[in-house]
Number of protein chains: 2
Amino acid sequence: MTSARSSDPSSSPTAELAFLLAQVGAHAAARFAERLAPLKLLPPHAGILRAVGQSDGLSQAALSERLGMFPSRLVVLLDALEERGLLERRSTPEDRRSYALHLTRAGKEMVQQIGRVAEEHKEALCAALDGAEQAQLAALLRRIADEQALTAGVHPGYRKLGRGRPADPDG
Amino acid sequence: MTSARSSDPSSSPTAELAFLLAQVGAHAAARFAERLAPLKLLPPHAGILRAVGQSDGLSQAALSERLGMFPSRLVVLLDALEERGLLERRSTPEDRRSYALHLTRAGKEMVQQIGRVAEEHKEALCAALDGAEQAQLAALLRRIADEQALTAGVHPGYRKLGRGRPADPDG
DNA sequence: TATTGTTATACTCTATAACTATA
DNA sequence: TATAGTTATAGAGTATAACAATA
C-alpha cells in the first residue's frame, strides 16, 4: 500500500493531482493543528490573531466578514482569546454597540510564536524538497489560489458553508 | 484583500507555503464535494467505492483498517451504498461473521463516473496551469506525500483522529 | 426599523461503548 | 476468550434563530 500510487485514478497522467492536493493539504492542516496544540490554540484562534494583528482595531462584524465566519461563532473564539489576555475588546465612543479589537502585548508575542511554529511546520512538511523546489511549489500554488480567487490568509475551514455538506474530504 | 498575499507571514520567502497547501487543499476538497453532490455521494462514499473497486471482496474490517475508519462509521456508509444498489455484502462460507464487499454493475459504472467528475474537477481547479506545470506540481506533491508516508488514495478526512482536535483548518 | 454583539438552540458528524453472533 | 459487524449513545463543532442594546 506504499507505492500503489500509480494504479489508482482514472485517465490522464495528472488525474490524481486534485486528490493529491486535497490529501497533502489536509495532512498539512492536521499537522499544523498539532503544533498549535502546545500553545493551547486552535487553528481558528491563530487565524483570528493574525487577522487582528494585520488590521488592528477592526470590529467583530468586519472580522467575521473578512474570515467568512458567523458572528456568533466568532464570539466564542474571541471570548477564549480575551480570557487569556491575548486580545481585548475596547468599546468605541463612536458606536457604543460595537467593539474595536486589539492585540495585547502577549497577543503580539503569540503571533510571533505562531510564525515560528508555522516556519518549523513548513520545514518539516516539505522536508522532501530543497529550497528552490519549495519556491517552485509555492509559485504554482499561488497561481492556483489567485485564479480560484481564494482570499489571502483565509482558510476555507473558517468559512460559513453555503448550506449543505461540510467542506469534506477528497478532492 | 486580493493581493495582500505578500504581506502575511513570518520570515522566509516560502513561509506561507504550508498555509497555501492547506488552503488550496481544503478548497479542492470542498469543490470536489460539490461536484459529487449531483451523484448523491459524499466524499467518503467515493473513497469506499474506489477502494472496493480496487480490492474486490475484502471484508469490512479490512476496509476500515485500510481507510483508517472506525468500523461503526463504515457500517452507515455501506448501508447507504448497498441500499442504492452500488455495492453488496456477500456472506462468506468460511467465516459467517464477516461479509465480502463487492461492487455491483451499477457500482462499477459509478466508479467510472466518479473518475470523470474527478478529471473535470482537476481541470477546473488547475485551470491556471498548463499541462507541463500540472505534471510538475503533481511530481512535487507526490514527493511530499511519499516522504510524509501518506497512504495512496486515503484522504486524512477518512481517518480516525488520534483522540484530540479534528483535522482542522490552517496549515 | 436596522445593526452590533450575545445567548440559546438545533443539527450534523463522528467517536465510544455496549451488544449479537459467530469463532 | 476473541473477533466481525451492528446498534445506541454521547460528544464536538458549527449553523440558525431569538434577543438586548444601540443607532
Side-chain angles (χ1 to χ4, degrees), chain A residues 26 29-30 33 37 41-45 47-48 57-83 87-101 155-170, chain B residues 26 29-30 33 37 41-45 47-48 57-83 87-101 155-170:
Chain A
L41 291 177
L42 292 175
H45 293 137
I48 288 172
L58 85 176
S59 70
Q60 294 186 201
L63 181 57
S64 84
E65 172 64 25
R66 173 187 302 196
L67 296 182
M69 199 180 276
F70 283 104
S72 59
R73 190 184 165 200
L74 194 53
V75 169
V76 187
L77 296 165
L78 288 175
D79 285 348
L81 293 173
E82 191 169 30
E83 211 166 289
L87 171 151
E88 54 184 25
R89 294 185 246 224
R90 297 193 198 142
S91 21
T92 71
E94 308 98 50
D95 188 336
R96 288 199 337 231
R97 291 174 302 181
S98 76
Y99 298 103
L101 302 172
H155 191 286
Y158 302 150
R159 296 218 80 84
K160 40 195 174 197
L161 316 153
R163 234 317 186 181
R165 68 233 96 272
D168 246 46
D170 257 24
Chain B
L41 291 176
L42 292 175
H45 293 137
I48 288 172
L58 84 177
S59 69
Q60 295 186 199
L63 181 57
S64 83
E65 171 65 25
R66 172 187 301 194
L67 296 183
M69 202 180 274
F70 283 103
S72 58
R73 192 185 164 200
L74 194 53
V75 170
V76 188
L77 296 164
L78 289 175
D79 284 349
L81 293 173
E82 191 169 29
E83 211 165 291
L87 172 150
E88 54 183 24
R89 294 185 246 226
R90 296 193 199 141
S91 22
T92 71
E94 308 98 51
D95 188 336
R96 288 199 335 234
R97 292 173 301 180
S98 77
Y99 298 103
L101 301 172
H155 191 285
Y158 300 150
R159 296 217 81 83
K160 42 195 171 196
L161 315 153
R163 234 321 186 174
R165 67 232 97 274
D168 244 49
D170 259 25

Round to the nearest Å and state the distance from F70(A) atom CZ to dG13(D) atom P.
-> 18 Å
Heavy-atom side-chain contact between I48(B) and L74(B) under 4.5 Å | yes
Please name the pair of heavy atoms, one in G57(B) and one in A100(B), separated by the smallest distance, quoted to 0.1 Å.
-> O-CB, 3.4 Å
Has the side chain of E82(A) got a donor or acceptor atom that lies under 3.5 Å from a matching backbone atom of R89(A)?
-> yes
Distance, rounded to the nearest Å, where L74(B) contributes CG and dT7(D) contributes P = 13 Å
Would you mind reading off the distance between H45(A) atom NE2 and dT14(D) atom P, rounded to a whole angstrom?
-> 10 Å
Measure from CD on E65(A) to P on dT3(C) and round the result to the nearest Å.
-> 13 Å
Minimum heavy-atom distance R73(B)-Y158(B), with the two atoms named | NH1-O, 3.4 Å
Whole-Å distance, L81(B) CG to dG5(D) C1', equals 16 Å
Roughly how many Å is it from CD in E94(A) to P in dT3(C), rounded to a whole number?
-> 19 Å
Within this structure, what is the CZ-to-P distance between R96(A) and dT22(D), rounded to whole angstrom?
-> 5 Å
What integer distance in Å separates L77(B):CG from dA15(C):C1'?
-> 14 Å
Show the distances under 3.5 angstrom between N or O atoms of the protein and N or O atoms of nucleotides 5-9 of chain C.
{"residue": "dG5(C)", "atom": "OP1", "partner": "Q60(A)", "partner atom": "N", "Å": "3.3"}
{"residue": "dG5(C)", "atom": "OP1", "partner": "Y99(A)", "partner atom": "N", "Å": "3.1"}
{"residue": "dG5(C)", "atom": "OP2", "partner": "A61(A)", "partner atom": "N", "Å": "2.6"}
{"residue": "dT6(C)", "atom": "OP1", "partner": "R89(A)", "partner atom": "NH1", "Å": "3.4"}
{"residue": "dT6(C)", "atom": "OP2", "partner": "Q60(A)", "partner atom": "OE1", "Å": "3.1"}
{"residue": "dT6(C)", "atom": "OP2", "partner": "Q60(A)", "partner atom": "NE2", "Å": "2.9"}
{"residue": "dT6(C)", "atom": "OP2", "partner": "R89(A)", "partner atom": "NH1", "Å": "2.8"}

Can you name the residues that form a side-chain contact (heavy atoms from CB on, under 4.5 Å) with S72(B), not counting sequence neighbours?
-> F70(B)
Residues in side-chain hydrogen bond (donor to acceptor under 3.5 Å, both in side chains) with R96(B), at least two apart?
-> none
